[in-house]
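Here's the structure we're looking at; comments come further down.
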Amino acid sequence: MTNHWIDIKNADSILIIGSNAAEHHPVSFKWVLRAKDAGATVMHVDPKFSRTSARSDFHVPIRSGTDIAFMGGMINYVLENGRYYKDYVVDYTNASYIVSEGFEFNDGLFSGYDPKSRTYDQSSWKFDLDSKGVPKKDPSLKHPRCVFNLLKKHFSRYNIENVSSVTGVSKDNLQKVYSTFSSTGTPDKAGTIMYALGWTQHTVGVQNIRSAAILQLLLGNIGVAGGGINALRGEPNVQGSTDHTLLYHIIPGYMAMPRADWQTYDAYNKANTPVSTDPHSANWWQHKPKYFTSLLKGWYGENATAKNGYCYGLLPKIEKGADHSYMFLFDRMYNNEITGGFIIGLNPMNSVPNSNKVRKALDNLDWLVTQELHHSETTDNWHRPGVDPKKVKTEVFLLPSAHRVEKEGTVTNSGRWLGWHDKAIEPEADARSFGAAFVPMMNEVRALYKEEGGKLPEAITLLNWPKTYNPEYWTRLINGQFTKDTVVKGTKYKKGQQVPSFTALSDDGSTMSLNWLYTGSYTEEGGNKAKRRNPQQTKMQANIGLYPNWAWCWPVNRRILYNRASVNADGMPLNPKKAVIKWDGKKWVGDVPDGGWKPLSSGKGKHPFIMSKHGHGQIFGPGRKDGPIPEHYEPVETPIDSHPFSKQLSSPVYKFVDSSMDKLAKPADPNFPIVLTTYSLTEHWCGGGETRNVPNLLEAEPQLYVEMSPELAEEKGIANGDGVIVESIRGKVEAIAMVTVRMRPLKVKGKTVHLVGMPFCFGWTTPGTGDSTNRLTPSVGDPNTTIPEYKASCVNIRKADKLTEIEM
Ligand SMILES: Nc1nc2c(c(=O)[nH]1)N[C@H]1C(S)=C(S)[C@@H](COP(=O)(O)OP(=O)(O)OC[C@H]3O[C@@H](n4cnc5c(=O)[nH]c(N)nc54)[C@H](O)[C@@H]3O)O[C@H]1N2
Ligand SMILES: Nc1nc2c(c(=O)[nH]1)N[C@H]1C(S)=C(S)[C@@H](COP(=O)(O)OP(=O)(O)OC[C@H]3O[C@@H](n4cnc5c(=O)[nH]c(N)nc54)[C@H](O)[C@@H]3O)O[C@H]1N2
Ligand SMILES: [Mo]
């Protein structure tokens, strides 16, 4: 989230799109309702009517996978009707930058497309630079090739007619949302966008979010109280685990994973450190070598020296363009390229797309280590129905895990707040937390490498590694410590003492930190700030609910990101009634500002978007793999075979896994005419591996069902409560029909398109519940993130002759 949970109460307009916030993020909804009580309009744009819709001012049904058309229509509306916040757009975004002549967009494709490799050469997506290397600008926004005019031209196709015919949203509903939300394009109003999986789980997931970034920049809604783009994160600590590298393409603190073409420490730094020649651009990532060196010092301790490139050579390096996300991992397993591994704290045999295939893939392992609270579809895959366990070669180790109430440590919430979680009781019997299992296991591995050698043993033997597990110890190291006696701004620090802030991190080996974003969270002066529970705040902070002494927030306890965009050049709040920061003549007050420089009018200030190279909010965003501006593309499986925006039906660069078990339905396939979307349930957790083992939750939601409209039910001769078979080109599942007006048929290009929705929390290890919905879903993903397209695929549905045991 750019903002945080409490801040939602400051919004005048709330657009919940691609999220069922009331059911899956109830804490967020407390603040949504506060805002509503204070007069905010709450809108829910979602294929399904849910408890979120029920508490919103209005619900807008939409066809799954068409949100860029919906958002593009709103961007067009804002531009055509002059609803944007002109000063903000000119001063704080890249709308005035001149885009180089080589950049083009024709019939759904951006310049640089290579159909053979299905990738873009992004080199033409750039700006004209002046003699000093700073982008040329036209603040009058008249230049035909300035970002603003290219944007206008691009989205002019997104008129109400086209948008309505593709999304299935009525014209009335489009007008209602567009006019309400765009009313926040003034300094005294703020609108927030809350999204989650309904936006990310698409082959255009990243571009859905880009469309929100563009809209919010046009309306001046970034950096202000009650504004922002607010990703409602999923698993309780998924924010923390992404910050610390859950994903294969990054290392802690959002730095790039080392690659084979960056063989040395210097090559890594050169490729990853942006340079700006604009004296007013903070270009914060220029400091990356300090964070990277401190991380290497954290990993390899005293063994990491300037002379040996801080042990960079010991790190594994991935090939440029290689994809190690889970769809591709399981594909490698399917092709016998992986012999063994660990699966801990997840149940991929239920939650990964195309379970038919991934279950077979897992059979190819020689060994598998799992650590669980329960038996799951993953731990027990070797004896799933229809499989002879004698024929499965995998040796499976099932280690007992401590439950979360049996462990302590930090949790980072969606708003980037770092809280401490106490242990309530000791784990039972042999159950251990992951750390308590992993730290000693790693010591055994180290001992073996020391004894036996092997390939590049130093990568393991030289690690800075403790003897036993202690969460407090890791929390201190994540913050970072001095490795030499040092003086920072007049204060003396001894070797081994905590680093006070990331501005003190250095690339000369005198500091270590396991994550620069968290430096400042555990200091000599403040102790472990995750444990802070002090509600004190100044009057200005209390006005918008910043609570700076409660827990700690990355970066540097800044509660609202990009807050320098909430003030004018003199440092005065654009909206004084809900000020975030303010220059009092000598210093900034309110939130921790995005950089402590004086206001821009002093001549010594910096542009507010300090993480982007040139310092402006990126309306034109050249860093993505599928284009600098969003464009509507259909989901890979789609009920239509053309759309009015271009000839390019689906994303030209979506990722897919190519195997005999990964079939895809063709566009408008008459065998699979119905759009399927899948989602979580209030009463269960994700794949259900945990909650199906809690009897009262299972009683509340006992069985796989499929939500469908009365119109579809009638067409198919299905009654509420009937057993049905839902089938995709990849597999089928048995479910109970839930006939409900919560799902509506939509008019798409003049024809009726039916949508059905299914939860994905059931599985065969809990008898009588049904099996994984992911037996239906395809292994296709976003080109930037490879997140699977769980939210839109095509199926058919028929009444079951009898309710059988699940077919395998
Ligand atoms: N009780 C409970 N809470 C949870 C979870 C749980 O399982 N149970 N899971 C947690 C996790 S890990 C996560 S990631 C989050 C998930 O939180 P959410 O993303 O809110 O949950 P989902 O149910 O996956 O989907 C959200 C909504 O997206 C809609 N949707 C589907 N396709 C589209 C589309 O193309 N466009 C639009 N606009 N909307 C679409 C669905 O109808 C659904 O209402 O919740 C977390 N919270
Ligand atoms: N079709 C479809 N598929 C989806 C989604 C969707 O919307 N639609 N959503 C996706 C999303 S957002 C997510 S996050 C994934 C979730 O997918 P998974 O992570 O696979 O789902 P969970 O059910 O949360 O699995 C967690 C497992 O960890 C166990 N567990 C719980 N606590 C602990 C612990 O402390 N230690 C250990 N070792 N184990 C523990 C639980 O018993 C459970 O079996 O599913 C994805 N799959
Ligand atoms: Mo999630």
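These numbers come from the heavy atoms of this one structure, side chains and all, not from hydrogens, waters or symmetry mates. In listed order, ligands and their atoms are each counted from 1. Remember, it's a predicted structure, so these values are computed and weren't measured experimentally.
Between Val32 and Met194 the shortest side-chain heavy-atom distance falls below 4.5 Å.
When heavy-atom distances to ligand 2 are checked against a 4.0 Å cut-off, Asn774 comes that close only through its side chain, counted from C-beta outward.
Distances from ligand 1 to the non-hydrogen atoms of His202 include at least one value under 4.0 Å.
The residues Arg359 and Asp771 are annotated as salt-bridged, a charged nitrogen and a carboxylate oxygen being separated by less than 4.0 angstrom.
Residue Gly65 has at least one heavy-atom neighbour below 4.0 Å for each of these atoms of ligand 1: 34 (C), 35 (O). Remark: ligand 2 atoms within the under-4.0 Å shell around heavy atoms of Gly687 are 21 (O), 22 (P), 23 (O). Short contacts between ligand 2 and Gly688, defined as distances under 4.0 Å to a heavy atom of the residue, involve ligand atoms 23 (O). Taking every non-hydrogen atom of Ser680 and a distance limit under 4.0 Å, the qualifying atoms of ligand 1 come out as 5 (C), 6 (C), 7 (O), 9 (N), 22 (P), 23 (O), 24 (O). Taking a cut-off of under 4.0 Å to the non-hydrogen atoms of Lys407, the atoms of ligand 2 that pass are 34 (C), 35 (O), 36 (N). Residue Glu23 has at least one heavy-atom neighbour below 4.0 Å for each of these atoms of ligand 1: 1 (N).
Which of Glu235, Gln201, His684 comes nearest to atom 6 (C) of ligand 1 through a heavy atom is settled by distance: it is His684. For atom 11 (C) of ligand 1, the nearest non-hydrogen atom from the set Cys761, Gly234, Pro759 comes from Gly234.
Between Phe49 and His59, the ring planes are perpendicular. Angles over 60° get that label, and only those under 30° would be called parallel.
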